[in-house]
Each structure stands twice: as C-alpha cells, then as structure tokens.
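Comments concern the structure below.
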Amino acid sequence: MIRDDVQRLVVEALTAAQQAGEIPLFAPPEIQVEHPARAEHGDYSANLPLRIQGLARMKALEVAEALRRHVPSHPAVAEVRVAPPGFLNFYLDATWLASQVTAIVAEGAAYAGSSSGAGQRLQIEYVSANPTGPVHVGNGRGAAIGSTLARVLRAAGYEVEEEYYVNDAGTQVAVFARTLYARYQQLFGRTVEIPENGYPGEYMVQIAEQIRERHADRFLRPVGEEASPELGELGIQLMVDQIRDDLELLRVQYDRWFSERSLQTEGGPYSEVMRILEERGHIVRREGAVWFASSQLGESKDNVLIRSDGVPTYFASDVAYHYDKFVLRGFDRVIDIWGADHQGHVSRVKAAVTAVGGDGDHLDVLLYQLVTLKRGTEVVPLSKRAGEIVTLRDVVSEVGADAARFFFLSPSAGSTMDFDLELATRQSDENPVYYVQYAHARISSILSRAASEELSSEGAETSLLTHDAEQALLRKLLLLPEVVEQVVSSLETHHLPAYAQSLAQSFHVFYTQCRVITDDVPLTKARLALLEATRTVLARTLELMSISAPEQM
RNA sequence: GCCCCCGUAGCUCAGUGGACAGAGCAAUGGACUUCUAAUCCAUCGGUCGGAGGUUCGAAUCCUCCCGGGGGCGCCA
C-alpha cells in the first residue's frame, strides 16, 4: 500500500543524506508515517526529523531540509515539503491518485487483502455462552466482533478457524437438567417446583415441550426420583441448536462447536494437563483442593483446579481447552473474546498456557465491556434469571442483522455501550447503517442506468478526475488497506464502521457535486470508473462486517 | 483494600506521542424541473474529569486525586 511506499522513501532519504554526510550516521528509530489532520499538510507526514534531532545534533528543520533533498522520486508523490517544527510532508500526485481506480476494480473483492498472516493458523473463539439459556444482547456484541475479526484476519492471509466452546459440563448444566425435568414433569400434571436457583425462563418450558413432542413420557420417572442423564443431554443439545440458530440470524457461523465435556474423557486433555502440571511442579494440595501454583509464576494468587468436593473448576477445563488449542491442535495464534466480567481470568489462563507447554504470548484475550440494554431511558435487565429476558433473537428480528451488527461494531470494545431498542428499531436516517447502504444503492442505481444506456467505463481516461470531490473520494478509497491493517494489528473492529461511514460520506458529497452521466462522454467514462471502484471498496468494507450491500433501497 | 476498563461538544462515541481536538445524532437556517433528498451545505457547540510531572511537542506517557463500570483462592 502507498503508505508503506512513503515509509520506504523516508528510509531511503535518511540513508542517502547520511551517505552524503549531511546527517551524522546512527541507527534510525522506527519510521512513523501518518495522515496529517489538516489537508494543507499533505497526504502523508513523517515526524522523523523531530524524533532524530537529538541523535543528529541538528535542528529538526535542518534535518527535514536535508531529508527532503534526498527523497527519491516516486510516481505517486507530486511534492515533498518541509513544515515547522520539523515535519516532512508528502503530497500525492492527482493523476496517479486517479489511476488507482483501475487497480482497485481489477483487484475487486480481494482489495485491501494482504499476506501478512500467510502460513499462520489462527483460532478465534467467541460468544461461548453457557448452553443453559438463549444468547442475549451482550453475547451479540461478542458475536459481531468475533465474526468480523475472523473475516478481517482471513483477508490478511491467516488461516482462521472460528469456534464456540460449549460449557456442557459442570454445576450450571446440572441445575439446567434439574430445571428441565421439573418443567417436563409439570407438563404431565405433576406439581413440582423448579429448583431454587434454577432457570425460571419460559424457554425451559418450550424445551420441555419439544422433548414431550418427540419422546412423549419416555423420561418420566417415579415421583421423587431424579431425571435420567439423557434428558439433560437432550435439553442441552436443543439449547445449543437454538443458540446456533439465533447466532445465524446475526450471520455468525462457526467452523466448530467444541464440547467442554469432550476434554474430560479418559486420557484426554484434562487428565493430560493435570499430569503435566503435576510433573512440572505446578500443583499444590491445600484445604482439600488441588491448586494451580500460579503465584510461583508471578500471578497474584493460586487458583483452584479441583474443588474439595472433587469437581474440576471451570478454570481447569479452560486450561485443558487451551492445551488442546495450542499443543494438540498446534495453532500459531489464539484469540479469545470474552466479556469484561472475565477480566480476572486472563492472566491466569495465559500463565497456564505457558505452564502446559504453549506460549501465553500467542494468546490474545479481547475483552469487551458489557452492553446495557435500554428502552429509551429505562434500563432493561439482561439476566437470564430475571423475569423479562431480552434475547439476541428478539433484538435481531426487530432491527435486522445489518443494523444490529453495525451497532455492535461501532463503539470500541473497551467502551461500555448502550443498546437502545427504541432508537435501534426506529428505522430512520438516525441509523448510520442506512446512510452507508444508501451510498451503495445509489452507486448501483447509476451503474445500472449507465448499462441500460450502453455506457461503460471501458477505456476511461482517469486523469479527468480532478474535481475536489473526486480527489477526496479517491483518497478515501486508498485508505481501506490501511484500515484493514490497523484492525489486524490492534484487533479493534470499530475502525470498520467508522471507515464505512466516512467513505459513504465522501461518495454522497461527490454525488451531490458531480453528475456522472452527462453528454461529456470521456468524463462520464472516467466517473463510471470511479463509481465502480467506489462500489468495490464499499461492498468489500461491508462484506468484512457481514453487512449487506443492497442494490436498491 | 488491591487489580482491569472507562471519563473528550447537549447525547452516542472516534482520536492513545505530533501541527489549530473530530464525526454522527440533536438544535438552528438553507438546497430537489437534474443519475435515489434514506442526500447535501452552513451555523451553533469542548477548562479533553482534576492537579502535578516527563518531552521539542501531552486528550494520548508517569504519579496522585475524583467519578462510573467490572473483577479479586474452591461461580462460570
């Protein structure tokens, strides 16, 4: 991408200036090239002179002047200027800029891809909500972030596997099974209370009904006896099916659903990690429990792996699960996306990964702040145990997958977000996703009209694209590869909706100021080429977020 | 008490070492006989929570304080 070229020019200029004896010899720091905030400062800016003024024992402006004299010529760069207090500013060539539309259209759906992750296998795990209830709005945020990140990382060349970790073991599942059996018995007229800390939600009744429909009274046992384990398993399976369906409504699909219970088979990952930890001296026994001696590894405390009642903790499963990811399946990188309430879990999992033979530094845990659901100013409780359960399905069916995804992706993961149902269901121009999609529909409309008039961009003379609005749009088109790279390196997906909005804005301004189809055939051709490039980039941006790009609205 | 995240325009949020702090929405005033007005243009709006410090340069880094959220050895 062009920014890398500019960076290279700066490096070459420094080397040449040093060889010419105009700047003393020293190893240069990292070269930073950025977009100046103000257009008058050019398209790209290097702060190198300011950063090396001390090393060079020269004034920054003198350094900048020396560098400027040695910047090699480049077809994309029209001019290089020195600006106080010591910036080196690069101005793109208008004709070169316009010529990029051809390159963009040629790349098509592959535009802004790269090979920076080529050859690396990456696993990304997200949502992984307990299968004891439907996924809620907060899970939706993790789902949108995770699935988008997976797409972007694939675009950057990583071999990505998306996974959902099904917590089908442990106490919550047992409580789920007891609740289900109570509901099931109720369907047959028995007066049975659901367990005290069970799951009161209506969905449990529906699952019980599904089971009754398929299996009639097969799971009914004499009064007072416990349910057959099979009933609980069946219930979990039905719950997982529903979670899968709900997530698909948000256009989220996994490569694999990984069962927690599968870790605990004889000689499986769970017993394997316990053996490894024991061998390496990371186990202590105290107060009847088995602990991971993480305080020896710099953690603030030890953590329980097996409770005094003999039941392994969630943490123990997680260690086994990450052992499976890193050691057994050999992923080069692993990304976990968790709600911020799991924050305390991060460092101990990393420590454990390293302790069982992986590398905790190859694990990135992305935390997103929880979502506050609102109706206007009123806060709606999300808890699975509260009376009103607002599921992800409810929200998606109200506002649509496009708007839901755009909403979830817009704020940075570290910011808490309010999801206002009232605002999101209002399908008005306040909703930014329509603004972006409308740009795509407008472009499609013009292109189809051009096609019907047998006009095309073939043989377009792109150098005619000199209007300010055209040039601004062109600059925006060139930005997507940088945005993608930023998402890859920061794992922050919120840059995508922001970019989509600013790209749409540049297009709408262009649309207002420049008529595409006119009697001026050469200009019409050039502008059709620009439209094709814009549609390519806009569609690509939306596709990375799994948001649809409508032909008409 | 300790740890993590957040605090930026009326609201929702970008910007996390660069040049005079931005966007959307809201508010106010304009623009359609023209390829989609779900659009565009203009105006209004900020002691960047507070105080010190580091730096050529701080919303950004460091220290302390205030406010909101989350977490802290046998829940997940």
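In this text the structure is predicted, and so the values were computed from the model without any measurement. Chain letters run A, B, ... following the sequence lines, proteins first, then strands; residues in each count from 1.
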Sugar-phosphate only, base, or nothing, as touched by A:Arg515 at under 4.0 Å among non-hydrogen atoms: base

N-O pairing of A:Arg51 and A:Glu30 below 4.0 Å: no

For the student: nearest non-hydrogen atoms of A:Val353 and A:Gly360, plus distance: CG1-N, 3.7 Å

RNA chain B: stems of at least 3 consecutive Watson-Crick or G-U pairs whose donor-acceptor distances fall under 3.5 Å: B:1-7 with B:66-72, B:10-13 with B:22-25, B:27-31 with B:39-43, B:49-53 with B:61-65

Nearest-nucleotide pick for A:Gln369, side chain only, options being B:A38, B:A19, B:C5: B:C5

Stretch residues 450-457 of chain A: residues that reach within less than 4.0 Å of RNA chain B through a heavy atom: none

Sugar-phosphate only, base, or nothing, as touched by A:Val516 at under 4.0 Å among non-hydrogen atoms: base

Worked verdict on A:Glu260 versus A:Ser317 for side chain to side chain donor-acceptor pair (under 3.5 Å): CA-CA 7 Å; A:Glu260 178 185 1; A:Ser317 284; 2.6 Å; yes

Touch class at under 4.0 angstrom, heavy-atom based, for A:His508 against every strand present: sugar-phosphate

Touch class at under 4.0 angstrom, heavy-atom based, for A:Gln437 against every strand present: nothing

Donor/acceptor link under 3.5 angstrom from A:Gln513 side chain onto base of B:C40: no

Rounded distance in Å between the C1' positions of B:U60 and B:G53: 15 Å

Letter per nucleotide, 5' to 3', of nucleotides 12-17 of chain B [B base touched, S only sugar-phosphate touched, - untouched; heavy atoms, 4.0 Å]: -SSS--

Phosphate contact (B:C40 OP1 or OP2) by A:Tyr435 side-chain N/O below 4.0 Å: yes

Rounded interatomic separation in angstrom, taking CD from A:Glu30 and P from B:G18: 12 Å

Proximity to the side chain of A:Ile446 - top-ranked nucleotide from B:U36, B:A19, B:G73: B:U36

Whole angstrom value for the distance that separates P of B:U34 from CG of A:Asp519: 17 Å

Between B:A76 (C1') and A:Leu305 (CG): distance, integer Å: 15 Å

Verify stack between A:Phe87 ring and B:A19 base, 5.5 Å, 30 degrees: yes

Proximal nucleotide (of B:A23, B:C20, B:C74) relative to the A:Glu40 side chain: B:C20

Closest to side chain of A:Arg307, choosing from B:G73, B:C74, B:A23: B:C74

Atom pair distance, as rounded to whole Å: CD in A:Glu299 and P in B:G71: 19 Å

Aromatic plane relationship, A:Trp257 with A:Tyr254 - under 30° parallel, 30 to 60° tilted, over 60° perpendicular: perpendicular

Side chain of A:Lys301 (C-beta onward), nearest among B:A19, B:C35, B:G73: B:G73

Pairwise C1' distance, B:U8 and B:A14 [rounded to whole Å]: 10 Å

Distance, rounded to the nearest Å, where A:Tyr434 contributes OH and B:A38 contributes P: 14 Å

Phosphate OP1/OP2 of B:A37: any A:Tyr511 side-chain N/O under 4.0 Å: yes

Minimum-distance nucleotide (side-chain atoms of A:Val304 versus B:G73, B:C40, B:G18): B:G73

Electrostatic pair A:Glu65:A:Arg68 at N-O distance under 4.0 angstrom: yes

Set of ring-ring contact (aromatic ring centres under 6.0 Å, His included) partners for A:Tyr321, sequence neighbours left out: A:Tyr165, A:Phe258

Ion pair check, A:Glu125 and A:Lys325, cut-off under 4.0 Å: yes

5' precedence on RNA chain B between A:Thr313 and A:Pro85 (nearest-nucleotide basis): A:Pro85

RNA chain B contacts made by residues 342-352 of chain A, counting heavy atoms under 4.0 Å: A:His342, A:Gln343, A:Gly344, A:Arg348

Salt bridge (Lys or Arg N to Asp or Glu O under 4.0 Å) contacts touching residues 289-301 of chain A (sequence neighbours left out): none

side-chain N/O A:Tyr438 vs B:A38 OP1/OP2, d < 4.0 Å: yes

Distance between P atoms of B:U47 and B:G22 (Å, rounded): 15 Å

Same-atom distance (C1') from B:G30 to B:A37, integer angstrom: 13 Å

